[in-house]
There are 2 protein chains.
Amino acid sequence: MRKKVTIKDVARAVGVTPTTVSNVLNGTNRISDETRRRVLQAVEELQYTPNMSARALVKRRTYTIGLFIPASPRVLSDSYFAEALRGMTEVALQYGYVVSIIYSDGLSDSVRQRIDGLVLTELKNNDEYVQYFKRIRMPFVALGRGGDPMLRDYVISDTNRGIREAINHVYRLGHRRMGYLLGPLGYEYVCERYRIFRCMHAELGLSLDRRLCATGENSREGGALAIHAILTRGVRPTAIFASTDIMALGAIEYLHERGLRVPDDMSVIGFDDADFSKYVRPSITTVHHDIYRAGREAASMLIAKLDGREYKCPVILPVRFVPRESTSTISLDNQ
Amino acid sequence: MRKKVTIKDVARAVGVTPTTVSNVLNGTNRISDETRRRVLQAVEELQYTPNMSARALVKRRTYTIGLFIPASPRVLSDSYFAEALRGMTEVALQYGYVVSIIYSDGLSDSVRQRIDGLVLTELKNNDEYVQYFKRIRMPFVALGRGGDPMLRDYVISDTNRGIREAINHVYRLGHRRMGYLLGPLGYEYVCERYRIFRCMHAELGLSLDRRLCATGENSREGGALAIHAILTRGVRPTAIFASTDIMALGAIEYLHERGLRVPDDMSVIGFDDADFSKYVRPSITTVHHDIYRAGREAASMLIAKLDGREYKCPVILPVRFVPRESTSTISLDNQ
DNA sequence: CGAGCGGTTGAAAACGATTTCATCTTGGTG
DNA sequence: CACCAAGATGAAATCGTTTTCAACCGCTCG
């Protein structure tokens, strides 16, 4: 194992002290152009890279940011997290940071002091973790809405626009009796999407039949159960929105089992544009948002915050409505 | 910001020196039971956790392991990586390690010195990265086969058994003309699966028609193109195996477009048991392997290696053959 | 001609652990 | 009773940076 080259080595090579080398590298003090040039050259020749542990020790920073994953067995499997992670990692790299995964159930003192800040996701209405991280003064930014109305440091999708486009599309197809499948009410994104849905729905001059709305887990089973609940009430929407694509999928499967065809007997609209949404038959009409991009923005924001730079605060990312096979014009016998 | 409690603080509280505290915490030297007890108590009371940066500096270790992601735009989106990551993170935690994502295109000196070791995946036949990490003496273990025949530190699935069960199942359904859709030949897992397929196929006393085999990218398009290639040769297998579920999916879609029904006109068998395989219609018959578990094993092995503990070397994980809708008994007009 | 003043550089003290080696007790042994 | 080994603890060096503050140099100015 070749000995690691340290700041002293480059200092010696140039004939200056470590202080000087450090100064040219960090740009703290004024250094003459001549010296700077020679130091930089030596750094290049010796292939010097500062030891992160040493730097971390004195700066009291780890140059590591975390993606926080709330307790939930399979949540990372969702490509949601994978995409966010990819985006975060890419920008982190540019700033000399590295990203780690932090699971809520592994959140000990030792891991806490190994990160400078966190990107939080899947926030609840009054998120306990938000409270917690505020209390221990761990810097964070949020990916998606929720947690606390006072929070300003978040990046979200333009849900408003997405749902508006979706509902307009469905309206134009002739649908008037729309239903809604809600995910767990504790999550802010569930509430927000529903809120916007109701709002847009009202703007179209329609009045919402509460019997056409039901709630369930955010899963295929949850979607199936929710649509089941609605159907057993003896009512039937011609189009149904779901909080997420996975619930939409469950609903579609359930309807299929019951001999109801999608979209002929009922149109179904999801949200998220999950991987499978374009694979399945019928493919799912949904709202696409770019989680990879959101991950990038969140990391940028967090690092700017950590490094004490300016950053513009709520970042709102564009979405794209994606009409697919699960929606169609209303059929006559459904009128 | 409350001042961080250091080893000196607990030393002072107990009335000993930092050396002693360090010794009881690391178990290096003999310490009297009485002193040990008091130190441990103080540690508890003061909520002392050692500063990782300081420790890292002197031990010349970072207590971080990496999951290496070879260059490929969306590869982390596969739940393959997400699952592996989840498994790794969980065991890493137990040993006081943390895991980071390392993308091949961000592999600079500075990130290299921020990790103690790597878990490598998606190895090619003569993997350049394996060579590279060997050369720079970065410890690693492999998730999946490949890289170098001399490697012993890997964890793999029992592919042999998986494919044997799959092919036997298909054989029992009456199929005799089997084809194969290969992924990119550079990857060892592609070659291995194909090799085993040929071997098992021969053991059944069948001879393989090379016209029934084709290669393509590991994607839906690749699967579609590969089956297209076979079909244009004017031959038609009654059952076709694919290197991966995603290729199988592409093939199924293509066949569907061409008016061929799966499984009635052709049975299709995938490998991996991807998320979507049970969602899609027809759901895909495949071989399930537990990537989460593999991630756990890989992290265990790597950390044992780093910490200088013993570990048993190639770990072979069980697989499970999962028959689904995409395979059925051969129909008469196909005989 | 000395004081004052930018502009550069260096000496030394952190940062918070681990580790080596010395020192100091004890208790056992011849 | 002297000696020695073993057991328990401590002093000090070290890891590789950053940072604070002092020192130095050559000028200009009064």
Side-chain angles (χ1 to χ4, degrees), chain A residues 1-40 42-43 46-64 96 109-110 112-114 116 307-308, chain B residues 1-40 42-43 46-64 96 109-110 112-114 116 307-308:
Chain A
M1 189 100 73
R2 214 168 68 261
K3 184 107 174 37
K4 189 84 190 61
V5 17
T6 77
I7 201 173
K8 282 185 194 160
D9 297 325
V10 3
R12 199 172 319 120
V14 180
V16 294
T17 58
T19 307
T20 305
V21 177
S22 175
N23 277 334
V24 1
L25 258 25
N26 298 295
T28 337
N29 266 356
R30 325 179 58 91
I31 297 291
S32 72
D33 288 345
E34 169 61 9
T35 313
R36 155 170 292 114
R37 199 189 51 70
R38 283 169 51 216
V39 166
L40 257 19
V43 164
L46 272 52
Q47 301 250 61
Y48 166 72
T49 54
N51 178 313
M52 271 315 199
S53 302
R55 170 182 298 199
L57 177 58
V58 42
K59 299 261 267 188
R60 288 193 179 78
R61 300 274 302 281
T62 63
Y63 296 95
T64 302
D109 287 345
S110 57
R112 242 173 32 206
Q113 58 147 263
R114 300 191 56 168
D116 293 338
D307 290 353
Chain B
M1 186 99 75
R2 218 169 63 259
K3 184 109 172 42
K4 189 83 191 64
V5 19
T6 77
I7 199 171
K8 281 186 195 159
D9 298 324
V10 4
R12 198 170 322 118
V14 181
V16 293
T17 58
T19 308
T20 304
V21 177
S22 175
N23 277 334
V24 359
L25 258 25
N26 298 295
T28 337
N29 266 355
R30 326 177 62 88
I31 297 290
S32 72
D33 288 345
E34 170 60 11
T35 313
R36 155 168 292 112
R37 200 189 50 70
R38 284 169 50 216
V39 166
L40 256 21
V43 164
L46 271 55
Q47 300 250 62
Y48 167 72
T49 54
N51 178 312
M52 271 315 200
S53 302
R55 172 183 296 203
L57 177 58
V58 42
K59 298 261 268 189
R60 290 191 178 76
R61 300 273 301 280
T62 63
Y63 296 95
T64 302
D109 287 345
S110 58
R112 242 174 33 204
Q113 59 147 263
R114 299 192 56 169
D116 293 337
D307 289 353

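Residue numbers start from 1 in every chain, and the chains themselves are labelled A, B, ... in the order their sequence lines are given, proteins ahead of strands.
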Original post:
Whole-Å distance between C:dG16 C1' and B:Lys4 NZ?
Top reply: 10 Å

**OP:** Report the distance from atom CG of A:Asn26 to atom CD1 of A:Ile31, rounding to the nearest 0.5 Å.
**Re:** 10.5 Å

Original post:
Do B:Ser22 and B:Thr19 get their side chains close enough for a donor-acceptor pair, meaning under 3.5 Å?
Top reply: no

**OP:** Take atom CZ of B:Arg55 and atom C1' of C:dA17, then tell me their distance rounded to the nearest Å.
**Re:** 8 Å

Subject >> Atom-pair distance (CD on A:Gln113; P on C:dG16), nearest Å >> reply: 10 Å

Subject >> Any donor-acceptor pair under 3.5 Å from B:Arg36 side chain to B:Val24 backbone >> reply: no

Original post:
Starting at CG of A:Asp9 and ending at C1' of D:dT17, how long is that distance when rounded to a whole Å?
Top reply: 13 Å

Original post:
Is there a donor in the side chain of A:Arg114 and an acceptor in the side chain of B:Thr64, or the other way round, less than 3.5 Å apart?
Top reply: yes

Subject >> salt_bridge(A:Asp307, A:Arg61) N-O dist < 4.0 Å >> reply: yes

Subject >> Any A:Leu25 side-chain heavy atom under 4.5 Å of A:Tyr48 side chain >> reply: yes

Subject >> Protein-to-nucleotide contact annotation, 5' to 3' order, nucleotides 4-14 of chain C [B base; S sugar-phosphate only; - none; under 4.0 Å, heavy atom] >> reply: ----SBBBB--

**OP:** Quickly work out the B:Met52 CE to D:dT17 C1' distance and round it to whole Å.
**Re:** 19 Å

Subject >> side-chain N/O B:Tyr48 vs C:dA17 OP1/OP2, d < 4.0 Å >> reply: yes

Subject >> Under the ring pair (Phe, Tyr, Trp, His ring centres under 6.0 Å) test, residues paired with B:Tyr63 that sit two or more places apart >> reply: B:Tyr97

Subject >> DNA chain D: 5'-proximal contact among B:Pro18 and B:Lys59 (nearest heavy atom) >> reply: B:Pro18

Original post:
Which whole-number value in Å describes the distance from A:Asn51 CG to D:dT18 P?
Top reply: 10 Å

Subject >> B:Ile7 CD1 - C:dT19 P separation (whole Å) >> reply: 11 Å

Subject >> B:Asn26 side chain near C:dT18 phosphate (N/O to OP1/OP2, under 4.0 Å) >> reply: yes

Original post:
Given D:dT17, C:dG16, C:dT18, which nucleotide is nearest the side-chain atoms of B:Ala54?
Top reply: C:dG16

**OP:** Can you tell me the distance, in whole Å, between the CZ atom of B:Arg12 and the P atom of C:dG16?
**Re:** 12 Å

